Amino acid sequence: MRKRSKLPALLLGSALIASVLGVGTVATAAGPGDTPAASAGAHTGHTMTVSTQASADDPDGDGYIPAVPPVTDVIPSTATPPPAYHHEFQAGCSVTHTAPDDPIVYPGQFGKSHDHTFMGNTSTDAASTTGSLYGGSTTCKAPADASAYWMPSLYKGDQKILPVGPQVIYYKAGVTDYRSVRPFPKGLRFVVGNPMQTEQQFRAHKGFVEGWECGDSFFNTDIPASCPSRPDVQLNLRMQAPSCWNGLHLDTPDHQSHMAYPVVKPGTNDNMCPASHPVALPMIEFKMAWPVNGDMSQVRLASGRGYSFHYDFFNAWEERTLKALVDHCINGGLQCDTRGFDLYRPERGTVLNADHRLP
């Protein structure tokens with residue numbers, strides 16, 4: 001790949017960091033990740049911070065991490081597959097630690113970010129790279145999933161509230177032809193949402209599912225002012241990631257332009273990847289639960305109001321295991337648990353053994 005000048009990327013990074021910090025800027029009208037980026041040669045995208053320091057994975061420091069090899073000559077599938085209501089598996093990952101770090105947005109800059117709650121890889125910090133994460137220790141049920149997952153920390157007053165136990169992270173088909181979904185490439189990373197988004201942008205975001213919910217309160221764009229004070233009530237949120245990849249970059253300066261949400265196939269209700277991002281990957285969906293209820297007036301995110309919610313994903317799966325789960329569960333049209341077992345289709349078998357490892 002031709003080496004690009006670092007100066008424009010650094011200047012852009014300074015402007016966009018100012019945007020996230022709320023210095024002299026206004027959030028863009030379009031929700032991040034909501035529209036496909038322009039052609040790969042144009043390198044345009046959505047407003048999202050870029051670090052003034054390059055990731056150790058970025059050889060020339062321009063913010064573009066090339067996929068080696070790139071995935072080219074892919075045409076988005078328009079096929080209609082056999083009916084299958086589900087095509088998914090789960091990654092159950094527990095909280096590891098919290099820190100004001102973000103190895104995607106602020107690589108190498110410890111303490112630069114608002115506080116994040118990390119799940120999965122136990123070593124994730126500002127200096128994390130593909131090499132440091134891959135094969136590392138993890139709190140995910142499958143030892144092969146050394147990926148890093150993180151989101152802004154939740155507080156009630158000055159008390160940090162952490163999700164308890166394994167959190168549900170779905171890997172689904174975001175396109176109608178679930179058979180066309182491929183595993184994530186090693187080292188792929190992206191940000192879902194934007195801490196600077198407005199309440200209206202959060203609600204209109206293509207990854208919005210049911211918003212903040214607790215008890216019988218659903219579709220809230222901000223954290224509810226109160227929730228039932230019962231042991232069975234927690235604060236919940238679901239948000240889906242874009243699942244179409246341009247095949248060229250593992251990251252881009254805005255950490256989103258290399259990914260896009262599926263689009264509707266003309267004349268149908270089917271979803272397919274846009275031509276600009278033709279490679280169908282698993283659609284990640286965070287389904288988080290925080291043990292907090294009652295008076296919620298002091299509950300907030302480290303990034304601000306509830307509609308500032310966003311999250312990050314940095315892929316470090318062992319390739320054979322991820323491919324086996326994608327092949328069996330997503331391409332196979334099943335509703336799998338963390339072992340790749342579909343309770344309603346037991347005859348289809350299981351991918352992982354009792355220790356969540358490939359046999």
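None of these values were measured; they are calculated from a predicted model.
- Defined by atom type and a distance below 3.5 Å, a donor-acceptor pair is missing between the side-chain atoms of Q109 and Q53.
- No chain of hydrophobic side-chain contacts below 4.5 Å, direct or via other Ile, Leu, Val, Met, Phe, Trp or Tyr residues, connects M283 to I169.
- Between H249 and Y64, the ring planes lie tilted relative to each other; the angle falls in the 30° to 60° range.
- Figure legend: K186 and Y134 shown as a cation-pi pair, the cationic atom lying under 6.0 angstrom from the six-membered ring centre and within 45 degrees of its axis.
- Tested against H310 for a ring pair (Phe, Tyr, Trp, His ring centres under 6.0 Å), the candidates H255, H205, H114 yield a single pass: H114.
- The neighbour count for D232 CG, taken as heavy atoms of other residues, nucleotides or ligands under 6.0 Å away, is above 12.
- I330 and L334 fall into different hydrophobic clusters, where Ile, Leu, Val, Met, Phe, Trp and Tyr are joined by side-chain heavy atoms under 4.5 Å apart, directly or via other members.
- The environment of CG in D73 is sparse: at most 12 heavy-atom neighbours from other residues, nucleotides or ligands sit within 6.0 Å.
- Side-chain contact annotation: T252 with S257, donor-acceptor N/O pair under 3.5 Å absent.
- A side-chain donor-acceptor contact under 3.5 Å links T130 and D57.
- By the 30° and 60° cut-offs, the orientation of the rings of F313 relative to Y149 is tilted.
- Between F202 and F208, the ring-plane angle classifies as perpendicular under the 30° and 60° cut-offs.
- Using a 30° and 60° split on the angle between ring planes, F118 and H116 fall in the perpendicular class, above 60°.
- Y155 OH to L162 CG: the interatomic distance, rounded to the nearest 0.5 Å, is 9.0 Å.
- A donor-acceptor pair shorter than 3.5 Å can be found between the side chains of S153 and D115.
- Between W150 and F314, the ring-plane angle classifies as tilted under the 30° and 60° cut-offs.
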